[in-house]
There are 2 protein chains.
Amino acid sequence: MDNTKDIFLKLFGKQIKQLRVEKKLSLRELSIRCNIDYSDISKIEKGKRNIQLSTLLELAKGLEVHPKELLNIKYK
Amino acid sequence: MDNTKDIFLKLFGKQIKQLRVEKKLSLRELSIRCNIDYSDISKIEKGKRNIQLSTLLELAKGLEVHPKELLNIKYK
DNA sequence: AAATTTGTGGGTAAAAAAACCCACATTTGA
DNA sequence: TCAAATGTGGGTTTTTTTACCCACAAATTT
């Protein structure tokens, strides 16, 4: 039904992973920078989590980018 | 303590309001486009809500902008 | 070959958003 | 002047994230 949400979450996850790999960080390394459990970051990257703005902010901090970078995805 | 979150949510809310007013929409009009209750949008604009990505997506749809536009804020 | 690192997935309790509703004061405009 | 529209805030229930933990297979390193 509402697959635009799922598509969006998948693209978002891809972007997180791309930025993380770009910076040569493992899930556990990023986890420490973000105060987010590594297994949860894994789920975010897989598009399995519909995170809140505060979590997006933590990820941006850990990845050292402006929050809007995380939404720099080809959506529509 | 963690006021960066609150600052961020306030700036985010301001951006939503700015885009909404720019498009000359009332809360109730935007509400219909977003399927989000108008009173909840009011709270979001006031920085009182830590919304999820799916809600951000709905707002972007209703405002007819790319999701990352909503994070186009002066944050750090 | 053995040890370590890495990504993934399943599970839990607590906290919070989502999705509603309604009331009220103020502004707008017919 | 009076009705309609607008923004704000309080409240409730359901659903979901958050914030943890642990186990395991596969890849990597030593």
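The analysis underlying the following values was restricted to heavy atoms, covering all of them including side chains, and did not include hydrogens, waters or symmetry mates. Being a predicted model, the structure only gives us computed values, none of them experimental. By convention in this document, chain letters (A, B, ...) are assigned in the order of the sequence lines, proteins followed by strands, and residues within each chain are numbered from 1.
- Residues B:E64 and B:K23 share a closest heavy-atom pair of O-NZ, 4.4 Å.
- In terms of phosphate contacts, B:S26 brings a side-chain nitrogen or oxygen within less than 4.0 Å of OP1 or OP2 of D:dT6.
- The side-chain contact (heavy atoms from CB on, under 4.5 Å) test applied to A:L9 returns A:K5, A:N50, B:L53, not counting sequence neighbours.
- Residues A:K68 and B:N72 form a side-chain contact, since some pair of their non-hydrogen atoms from C-beta on lies under 4.5 Å apart.
- Between the NZ atom of B:K17 and the C1' atom of D:dT6 there is a distance of 11 Å, rounded to whole Å.
- As a whole-Å value, the separation of A:K24 NZ from D:dT28 C1' is 16 Å.
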Nucleotide by nucleotide, 5' to 3', does protein get under 4.0 Å of the base (B), only the sugar-phosphate (S), or neither (-) in nucleotides 13-24 of chain D, counting heavy atoms?
-> ----SBBBBBB-

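- Here the C1' atom of nucleotide C:dT8 and the CG atom of A:L27 are 9 Å apart, to the nearest Å.
- Closest approach of B:L57 to B:P67, counting heavy atoms only: CD1-CG, 4.0 Å.
- Remark: P of C:dT6 and NZ of A:K46 are 17 Å apart, rounded to the nearest angstrom.
- Legend: salt bridge (charged side-chain N to carboxylate O under 4.0 Å, His left out) pairs involving residues 37-56 of chain B, not counting sequence neighbours, sorted by first then second residue: B:R20-B:E45, B:D40-B:K43, B:D40-B:R49.
- Atom-to-atom, CD of A:E45 to C1' of C:dG7 comes out at 9 Å; the value is rounded to the nearest Å.
- At a threshold of 4.5 Å between non-hydrogen side-chain atoms, the residues A:I51 and A:L59 count as touching.
- Taking atom CD1 of residue A:I41 and atom P of nucleotide C:dT8, one finds them 12 Å apart after rounding to whole Å.
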